[in-house]
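Computed from heavy atoms alone, side chains included, the values below leave out hydrogens, waters and symmetry copies. In what follows, chains carry the letters A, B, and so on, assigned in the order in which the sequence lines appear, proteins first and then strands, with residues in each chain numbered from 1.
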Amino acid sequence: MESQILPDPRIRMGPVPDFDPGHTFLCGQCFRWTRVGTKTDASSDRSRQDDWVGIAGSHAIRLQWDGSCLSASGTTESELKGWWRPYLDLAENYSDLKLKLSAGDPVMEEAIRFGHGLRLLRQDPWETLITFLISQNNGIPRIRSIVNTLCTCFGEAIPFEGGMLHAFPTPEALAVLNSCGLDVCRAGYRSAYVIRTAQQVVEGRFDPNALSSMPYEEAREYLLPFHGVGVKVADCTLLFSGLHRSAFPVDRWVFRVMDTLYPGSGKTTKELQAFAKDRWGENAGLAQEYLFHYARSHL
DNA sequence: CTCCAGGCTGAGC
DNA sequence: GCTCAGCATGGA
């Protein structure tokens, strides 16, 4: 049997500094990336390969990471440029950001060293809002499970590598469900939040484009009236959609890491956020993510 | 069995 | 304003 030499379908994206797919995709900011293979070359421990398949919005991609360069397949040059590069935040210089965050701060320096290569994604605001509605009082593995079931059952099929993946559901697809329509997802009491929010979006109550032009405080006030949205979900939505990188979500882990590593930074969410805003300013969201990532493994 | 997980709602002060 | 039980579900 003659082996057919196919053209390499990979698109080379070149060297990407300050990138680690594991830290970026598994830190809890997104829930639809799967590691599909890891190889470590025995001859040199720097040469390795890390393969991921990810879905965001209605886009799917396979990423290959060799430790310094990214390549992609299952996508196109235009989709790469118009969606995935912005999504992966590749235009941002994380060396500068890390220097600003860790200047004179050994705690942050250690958190950054541990979470090296973690990048904040720029996710679709609708998808981010629903995802973090589901995240409340929940664990990351189960959030992944619920979100993936939600997409499989209600998201449009995306042909991918000879099989099918599923886009994140549209607001319309979720708004038409009755109260038990989401039971298959096992999201518990959060199902009602998801459906009611979808209905409010369809009714025109929520406009992601409007959200993107608002200052932080206004955007937060805009999100809070949604059923099931409190300050945590609102801040996560604004941070992980890339709309407001100064947002500083506070949960159990962040509270613990602040109380332990920054004693005196505050006892309430508001106090911690004031501390973060004063200390890290527009990069508070990235600081939060490094701290969250660090806290989950060390505290 | 209990406790916990990227919290929020509604009721009672 | 503030505190706090209750909430669905599954894993440790």
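- In this structure, A:K267 atom NZ and C:dT3 atom C1' are separated by 16 Å, rounded to whole Å.
- A distance of about 24 Å separates the P atoms of C:dG11 and B:dC8, rounded to the whole Å.
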- Going through the checks in order, is the salt bridge (Lys or Arg N to Asp or Glu O under 4.0 Å) test met by A:D89 and A:R122? CA-CA 7 Å; A:D89 203 27; A:R122 297 183 181 274; 3.0 Å; yes
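- Note on A:E77 versus A:K81: no salt bridge recorded, every NZ/NE/NH1/NH2 to OD/OE distance being 4.0 Å or above.
- Rounded to an integer number of Å, the gap from A:L133 CG to C:dA8 P is 15 Å.
- Taking the C1' atom of each, C:dG6 and B:dC3 are spaced 16 Å apart, rounded to whole Å.
- For A:R186 and C:dT9, a side-chain-to-base donor-acceptor distance below 3.5 Å is absent, hydrogens and geometry of angles not being considered.
- Tested against A:D18 for a side-chain hydrogen bond (donor to acceptor under 3.5 Å, both in side chains), the candidates A:H116, A:R119, A:K98 yield a single pass: A:K98.
- Between B:dG6 and C:dA5, the two P atoms lie 22 Å apart (nearest whole Å).
- Salt-bridge check for A:D66 with A:R48: failed, with every basic side-chain N at 4.0 Å or more from each acidic carboxylate O.
- Checked by atom type, the side-chain pair A:E79/A:T75 shows a donor-acceptor distance below 3.5 Å.
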- Query: Can you give one letter per nucleotide of nucleotides 6-13 of chain B, 5' to 3': B if a protein heavy atom sits under 4.0 Å from the base, S if only from the sugar-phosphate, - if neither?
  - Reply: BBSSS---
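- Here the separation of C:dA8 from B:dA11, taken at their P atoms, is 15 Å to the nearest Å.
- For residues 138-165 of chain A, every residue pair satisfying the side chain to side chain donor-acceptor pair (under 3.5 Å) rule, not counting sequence neighbours, is listed here: A:R32-A:N148, A:R62-A:E161, A:N138-A:R142.
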